[in-house]
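Below you'll find the structure, written out as structure tokens, and then a few comments.
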Amino acid sequence: MKETMLPKNLEHRLQQAVSAVLPDANTDSVLVRPCPDPKFGDYQSNALMALAKERKMNPRQLAIDVVAKLDVSEWCEKVEIAGAGFLNFRLKPGAIAGALQEAAKMKDPFVQKAVKPRTVVVDFSGPNIAKPMHVGHIRSTILGDSLARILRLLGHKVITDNHIGDWGTQFGKLLVGWKNHLDRTALEKDPISEMERLYKLVNSACETDEKVLESARQELVKLQNGDGENLAIWREMIALSETQFARVYGRLGIKFDHTFGESFYNPRLKTVVQELRDKGIAQESEGAICVFSDGSLPPQKDPLLKQEDGKSKPNPCLIQKSDGAANYATTDLATLAYRLETWQPDDIAYVTDGRQQLHFSQIFSIFKRWHPEAKTKLAHVWFGSILGEDGKPFKTRSGDTIKLEDLLDEAQERAFKVVQEKTTGLPESQQREIARVVGLGAIKYADLSPNRQSDYVFSWDKMLALQGNTAPYLLYAYTRIRSIFRKLGEEASTAPVNFLLAAPDEITLAKHLLNFGLTLEAVAEDYRPNFLCTYLFELAGHFARFYENCPVLKSEGPERASRLALCDLTGRVMKQGLEMLGIETTEQM
RNA sequence: GCACCCAUAGCUCAAUUGGAUAGAGCAUCUGACUACGGAUCAGAAGGUUAAUGGUUCAACUCCAUUUGGGUGCACCA
């Protein structure tokens, strides 16, 4: 095992020691974590207390027995037993220097590839055809992309799939609008706005005029039955929308392995419904095909039941409407089946907002009954809403949803104003480029740094602030590192150096670098990129203190070489960490 | 009505298998060699984690009840 993964090495040894004392114990939960407070040491394990409790043993005695079997002397001082049974590990300075030495030679320092790589499908973004991408899409898009990047770096096989909304009842209305009210000139100028106008026009007409609603239904049926004209229009709408998607994803630096829209699964829908009926999972009710509870779950936890007057009542999931058409549950089940057959994934992560929790818990529960043999773990990676500064859903002043492209424009424009002030010596083109990186980075970081499940308040001033836990602060820390190397110029060398860690601030910085991989694993485990944000913010803080107190260019000899190498490693970790959040870096700002 | 989610410092947010004295940033106050880039750093102050009870050696975290907010609940996705 590589020396750069010191916490992993400790964990491995500790697990062996536990096995030596308790041969039948499951050591999966015997973990080593960074200490919350450096006074306890560098790493700690709390696992023995839990283990002792399980077995009704004395935790301190168990700790004594385990420590007797534990040899980590090549990396640590004597392992200390504290409190109720904490194990505290304190790294030897030589071990830290050795780890950095190894890391400096590696392509991905402080990251360990997964021992058992998993195949993970990440389903995110999911915009709709003929509609503008808006703020509602941003969290899914940014979270999903970050998770995919991190899982890939950790050595997993990742398949990203953009499940776009290219089918459904809205196309009936869109077709009526297209055929009767289309403005070709407007369409050429701004296709998305024109299609949105058509939809809104027909949609409001439907509310007052039964005839319009009926014609929308008929157009939809024709489309579903493969009518040539309607299919052609539908394809044109898709093509026009894809231009928009490509533009937005291009700006955000996001790529998908697949973009199988909902329509891709149309040929499979009938089979899904038939299979579920054949297996007795689905049945007819009021003309629709539904899945009811099979009673295998406790009533309180069963998503296919609801409680009323103290009694359980059915809360079925519809998989076919009474008019014979499929709905989104059908499509989701068909999608699931396709993914299972095609990729045999270990995990599928659905990155959508929290309002779909009931839907996904129903889908997951149906899936278990449909494919009881499947080992695939399904995760609904849900997130909260973006709120305006008034605490209500984020909208424009006039109450419309905010278009994603306008949001990105504004981020860059606002960043440009700041960059202009701070970098007066640079040409405008370069200032624009810096503003692009800073503006987009600010949006992404603001989205990723809170716990995904909490709603967060969107604030331009906070995300673009130059101090505090923001993208500009992290990017600034990176440019300070790069500035050192720019100044160094020709002198820069790639020759291996010996790390001499003496000053407290350089030791703290060095130790923090060791935890990069551990942090990425924690993100992957819970699908929470905010852990990485916190890590990078702390890294920037440790670097700032080091930079303040430990002269680099002004120092001499081996100390200078060591500090330069430490700066270089810090810069590499910072850059890679930001890249894992989908954030670019800039050399100057 | 039922279900899910949330409530942490003045504000915005953290808190890695239940772990050690609940942490940051902003704002406020104080300070730092006229700066290897000051878009910086150091310090102070700020808390009954909505309330009550329970489980535990240990609870922001788990359980129960209550209060206040958000969201969702058969033929939209």
Side-chain angles (χ1 to χ4, degrees), chain A residues 28-31 33-37 39-40 44 46-47 49-50 53 59 82-86 88 126 128 165 167-170 262 285-290 300 303 305-309 313-323 325 327-329 331-332 352-359 361 382 384-385 387 391-393 418-419 421-423 449-451 453-457 459 461-462 465-470 472-473 475-477 479-480 483-484 487-488 518-519 521-523 525-526 528 530-531 533-534 537-538 541 544-545 547-555 563 588-589:
Chain A
D28 289 350
S29 57
V30 175
L31 303 175
R33 293 276 167 254
C35 283
D37 188 330
K39 81 179 178 197
F40 300 123
Q44 69 179 40
N46 314 322
M49 291 180 284
K53 178 156 192 128
F86 297 94
N88 290 332
N128 295 312
W167 199 251
T169 47
Q170 76 270 26
E262 293 172 345
S285 169
E286 296 172 30
I289 310 295
C290 309
Q300 304 285 344
L305 287 178
K306 62 196 274 187
Q307 306 298 311
E308 236 163 67
D309 306 325
K313 297 215 166 163
N315 186 32
C317 176
L318 264 75
I319 59 167
Q320 186 176 295
K321 300 190 283 183
S322 52
D323 66 3
N327 63 6
Y328 69 124
T331 312
D332 277 350
T352 84
D353 74 286
R355 287 176 296 196
Q356 297 188 45
Q357 283 180 87
L358 178 61
H359 169 68
S361 61
W382 62 269
S385 314
L387 307 176
K392 295 187 179 137
V418 184
V419 171
E421 279 173 36
K422 300 290 180 183
T423 63
S449 59
N451 182 324
Q453 288 175 331
S454 54
D455 295 345
Y456 83 91
V457 176
S459 161
D461 291 341
K462 284 192 174 119
L466 308 165
Q467 58 278 96
N469 191 2
T470 65
Y473 176 79
L475 290 168
Y476 175 65
T479 60
R480 291 171 103 186
S483 163
I484 292 173
K487 215 155 251 182
L488 195 62
L518 218 54
T519 304
E521 286 172 23
V523 171
E525 181 72 25
D526 290 335
R528 290 186 193 278
N530 63 307
F531 295 158
C533 295
T534 303
F537 178 59
E538 285 167 354
R545 280 182 282 279
Y547 186 81
E548 197 80 11
N549 298 318
C550 304
V552 179
L553 292 174
K554 285 179 184 166
S555 61
R563 287 181 175 173
Q588 295 181 64
M589 62 186 277

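Computation of the quantities below employed the complete heavy-atom set of this structure, encompassing side-chain atoms and omitting hydrogens, waters and symmetry-equivalent molecules. Keep in mind that this is a model prediction, so the values were computed, not measured.
- The side-chain hydrogen bond (donor to acceptor under 3.5 Å, both in side chains) search around A:Glu521 returns A:Lys8, not counting sequence neighbours.
- Judged by distance alone, the side chain of A:Arg563 and the main-chain N or O of A:Pro551 form a donor-acceptor pair under 3.5 Å.
- Toward the 5′ end of RNA chain B lies the nearest nucleotide of A:Ser449, the other residue of the pair A:Ser483 and A:Ser449 mapping further downstream.
- Contact annotation: A:Tyr473 reaches the phosphate of B:C41 (side-chain N/O to OP1 or OP2, under 4.0 Å).
- Using a 4.0 Å heavy-atom criterion, one finds that A:Asp526 contacts no nucleic acid atom at all.
- Residue A:Lys422 is classed as a base contact, given a heavy-atom separation below 4.0 Å to a base.
- Across the C1' atoms, B:A9 and B:C4 are found 29 Å apart, a figure rounded to whole Å.
- Judged by distance alone, with hydrogens and angles left aside, the side-chain atoms of A:Ser454 form no donor-acceptor pair with the main-chain N or O of A:Pro450 at under 3.5 Å.
- Residue A:Asn549 is classed as having no contact, given no heavy-atom separation below 4.0 Å to the nucleic acid.
- For A:Ser29, no side-chain nitrogen or oxygen approaches OP1 or OP2 of B:U17 to under 4.0 Å.
- As a whole-Å value, the separation of A:Gln320 CD from B:C76 C1' is 17 Å.
- A distance of about 14 Å separates the P atoms of B:A24 and B:C41, rounded to the whole Å.
- The residue A:Pro472 sits apart from the nucleic acid: no heavy atom pair falls under 4.0 Å.
- To the nearest whole angstrom, the two P atoms, one in B:U12 and one in B:G53, are 29 Å apart.
- Nucleic acid contact class of A:Ala47 (heavy atoms, under 4.0 Å, all strands): base.
- Here the CD-CG distance, from A:Gln170 to A:Asn128, works out to 6.5 Å after rounding to the nearest 0.5 Å.
- For A:Ser454, a side-chain nitrogen or oxygen approaches OP1 or OP2 of B:A14 to under 4.0 Å.
- Looking at A:Thr169, its side chain has no donor and acceptor atom pair within 3.5 Å of the base of B:C76.
- Residue contacts for A:Asp461: at a heavy-atom cut-off of 4.0 Å it reaches no nucleic acid atom on any strand shown.
- Using a 4.0 Å heavy-atom cutoff across all strands shown, A:Cys550 reaches at least one base atom of the nucleic acid.
- Side-chain nitrogen and oxygen atoms of A:Asn315 include none within less than 4.0 Å of the OP1 or OP2 phosphate oxygen of B:A3.
- Here A:Asn327 lies in heavy-atom contact (under 4.0 Å) with sugar-phosphate atoms only.
- With its glycosidic angle more than 90° from 0, B:A45 is assigned anti.
- Where stacking is scored as ring centres under 5.5 Å apart with planes under 30°, A:Phe40 registers as stacked on the base of B:A20.
- Distances shown here put every side-chain N or O of A:Arg33 at or beyond 4.0 Å from the OP1 or OP2 atom of B:U17.
- Counting non-hydrogen atoms under 4.0 angstrom, A:Gln357 reaches the backbone sugars and phosphates but no base.
- No N or O donor and acceptor, one from the side chain of A:Tyr476 and one from the base of B:A39, sit under 3.5 Å apart.
- Taking only side-chain nitrogens and oxygens, A:Asn530 comes nearer than 4.0 Å to OP1 or OP2 of B:A15.
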Only Watson-Crick and G-U wobble pairs with both distances less than 3.5 Å should count. Give RNA chain B in dot-bracket notation, marking inter-strand partners with |. (((((.(..((((.....[...)))).(((((.......))))).....(((((..]....)))))).)))))....
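- Backbone-only contact: A:Val457 has heavy atoms under 4.0 Å from sugar-phosphate atoms and none from a base.
- When distances run from any side-chain atom of A:Asn451 to the nucleotides B:A74, B:G37, B:A14, the shortest one goes to B:A14.
- Between the side-chain ring of A:Phe86 and the base of B:A20, a stacking contact exists by the 5.5 Å and 30° definition.
- With B:U17, B:U56, B:A14 as the candidates, the nucleotide lying closest to the side chain of A:Thr534 is B:A14.
- Phosphate proximity of B:A27 to A:Lys462: absent, as no side-chain N or O sits under 4.0 Å from OP1 or OP2.
- One can find a donor-acceptor pair under 3.5 Å joining the base of B:A20 and the side-chain atoms of A:Asn88.
- Within the 4.0 angstrom heavy-atom criterion, no nucleotide atom of any strand lies near A:Gln453.
- Checking B:U71, B:C73, B:G19 against every side-chain atom of A:Lys306, the shortest atom distance belongs to B:C73.
- Residue-level contact check: A:Ala522 touches neither bases nor backbone, having no heavy atom under 4.0 Å from any strand.
- Considering only side-chain atoms of A:Pro36, the nucleotide from B:G72, B:G19, B:A20 that sits closest is B:A20.
- Between the base of B:A20 and the side chain of A:Gln44 there is a donor-acceptor pair shorter than 3.5 Å.
- Taking only side-chain nitrogens and oxygens, A:Arg480 comes nearer than 4.0 Å to OP1 or OP2 of B:G38.
- Dashed line: the shortest gap from a side-chain N or O of A:Gln170 to OP1 or OP2 of B:C76 is not under 4.0 Å.
- Counting only heavy atoms from C-beta outward, the side chains of A:Thr470 and A:Lys462 never approach each other to under 4.5 Å.
- A:Thr352 comes within 4.0 angstrom of nothing in the nucleic acid, heavy atoms only.
- At the heavy-atom level, A:Asn128 lies nowhere under 4.0 Å from the strands shown.
- Interface remark: the A:Glu286 side chain does form a donor-acceptor pair with the B:A74 base, using a distance-only criterion of under 3.5 Å.
- Along RNA chain B, the nucleotide nearest to A:Val30 and the one nearest to A:Glu262 differ in position, and the one closer to the 5' end is contacted by A:Val30.
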